[in-house]
Amino acid sequence: MMAISLSSSEIVGLAERVDRAQQASQPIAKLTDDFPTMNIADGYAVQLALRRRKLARGERSVGWKAGVTSRAKMVQVGVHAPTVGFLTNTMARPESSAIRTDDLLHPRVECEIAFVTREALRGVHCTREQVLAATDFVLPALEVIDSRYAGFSFDMPSVIADNCSAARYVTGAWPRSPRDVDLHALGVVFEKNGEVEGLAASAAVLGHPADAVAMLVAVLTELGEEVPAGSVVLSGGITEAVMVQASDHVSARFQHLGSVSTKFI
Ligand code: OOG
Ligand code: MG
């Protein structure tokens with residue numbers, strides 16, 4: 001990763017800017033409009049400052065998310081390399097609940113496979129096998145993303161600074177051992193209001209969802225972080241994300257993993 005080019009006061013100021021946009025549900029311009037030389041290391045520095053702000057307010061860290069790990073997502077958002085973001089307890093929603101839209105800007109939903117770890121993961125050369133060995137179980141998941149940038153329009157440093165659009169996530173209720181299912185070739189049917197929005201297989205995320213988690217571990221290790229035991233890790237949207245609004249119902253049906261659904265109010 002390149003060296004950080006922003007000053008520490010710029011990093012803190014940009015984290016505050018992103019945080020305020022989220023709290024006020026007011027979109028902002030992508031950060032690189034003001035800081036055109038911002039690089040990926042700067043993006044992560046802002047993201048980690050944002051994470052520190054949230055944890056200082058009492059949010060609890062529950063895990064991490066891989067983003068832009070599939071071709072469908074890369075094409076949709078115009079970012080061509082995977083990214084990493086963080087998850088806190090305030091983003092988690094139980095499957096039976098309805099997700100409010102009045103505190104979101106322009107939510108989109110994507111279907112993902114979630115990993116729950118029983119051992120910590122770290123290392124810049126983390127492998128698929130290490131991820132599988134450290135995984136307690138996998139779950140079907142829906143992620144609600146909500147870019148703080150106007151028009152959902154950003155570049156890689158800006159989206160990383162905005163915690164990769166993280167907003168809400170829902171996991172299904174049926175844990176499976178990663179050893180009991182072929183994580184490489186699971187089909188998924190993604191529906192909104194009973195209409196099929198996307199069909200894909202789990203291999204869409206970097207060839208294997210555990211490889212997406214290994215990528216995430218490598219990035220976090222470079223940043224001086226790790227994936228602790230007991231973390232939730234989202235491995236990235238398998239299909240394009242779909243726009244949602246109040247009254248929509250979304251579900252993802254995964255071969256061998258069961259389904260997960262949520263509605264919006
Ligand atoms: C960036 C977040 C991407 C995923 O699963 O690909 C992401 C975005 O699309 O706004 O969470
Ligand atoms: Mg996602």
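First listed ligand is number 1; within each ligand, the first listed atom is number 1.
Heavy-atom distances between Ala241 and ligand 1 stay at or above 4.0 Å for every pair.
Scanning the protein for heavy atoms near atom 9 (O) of ligand 1, the closest one is Lys73 NZ, 2.7 Å. Taking atom 2 (C) of ligand 1 as the reference point, the nearest protein heavy-atom neighbour is Cys164 O, 3.1 Å. Among all non-hydrogen protein atoms, the one lying nearest atom 10 (O) of ligand 1 is Ser165 OG, 2.6 Å.
With sequence neighbours excluded, no residue forms a side-chain hydrogen bond (donor to acceptor under 3.5 Å, both in side chains) with Gln76.
Distances between N or O atoms of Ile145 and those of ligand 1 include no value under 3.5 Å. Taking distance alone, with nitrogen or oxygen atoms compared against 3.5 Å, Glu112 approaches ligand 1 more closely than that limit. Taking distance alone, with nitrogen or oxygen atoms compared against 3.5 Å, Gly237 approaches ligand 1 more closely than that limit.
The closest side-chain donor-acceptor pair between Glu59 and Thr90 falls under 3.5 angstrom.
Using a 4.0 Å cut-off between charged nitrogen and carboxylate oxygen, Glu225 and Arg51 count as a salt-bridge pair. Salt bridge absent: Asp103 and Arg100 never bring a charged side-chain N and a carboxylate O closer than 4.0 Å.
Around the Mg ion (ligand 2), protein N, O or S atoms at less than 2.8 Å number 3.
Residues Asp155 and Ser158 form a side-chain contact, since some pair of their non-hydrogen atoms from C-beta on lies under 4.5 Å apart. Side-chain contact between His106 and Ser147: present, with at least one pair of heavy atoms (C-beta onward) separated by less than 4.5 Å. Contact of the Phe152 side chain with the Ser165 side chain is registered, since non-hydrogen atoms from C-beta on lie closer than 4.5 Å.
Placement of Phe86 and Leu48 within a single hydrophobic cluster is found when ILVMFWY residues are connected by side-chain heavy-atom separations under 4.5 Å, directly or transitively.
Counting heavy atoms under 4.0 Å from ligand 1, residue Lys65 touches it through the side chain alone. In Arg108, neither the side chain nor the backbone holds a heavy atom less than 4.0 Å from any atom of ligand 1.
Of all atoms in ligand 1, numbered sequentially from 1 with element shown, those under 4.0 Å from a heavy atom of Gly236 are 5 (O). Every atom of ligand 1 with a heavy atom of Ala66 under 4.0 Å away is listed here by number and element: 5 (O). Listed by atom number, the atoms of ligand 1 under 4.0 Å from Glu110 heavy atoms are 4 (C), 5 (O), 6 (O), 7 (C), 11 (O).
Across Leu234 and Ala141, no two heavy atoms sit closer than the pair CD2-CB, 3.9 Å.
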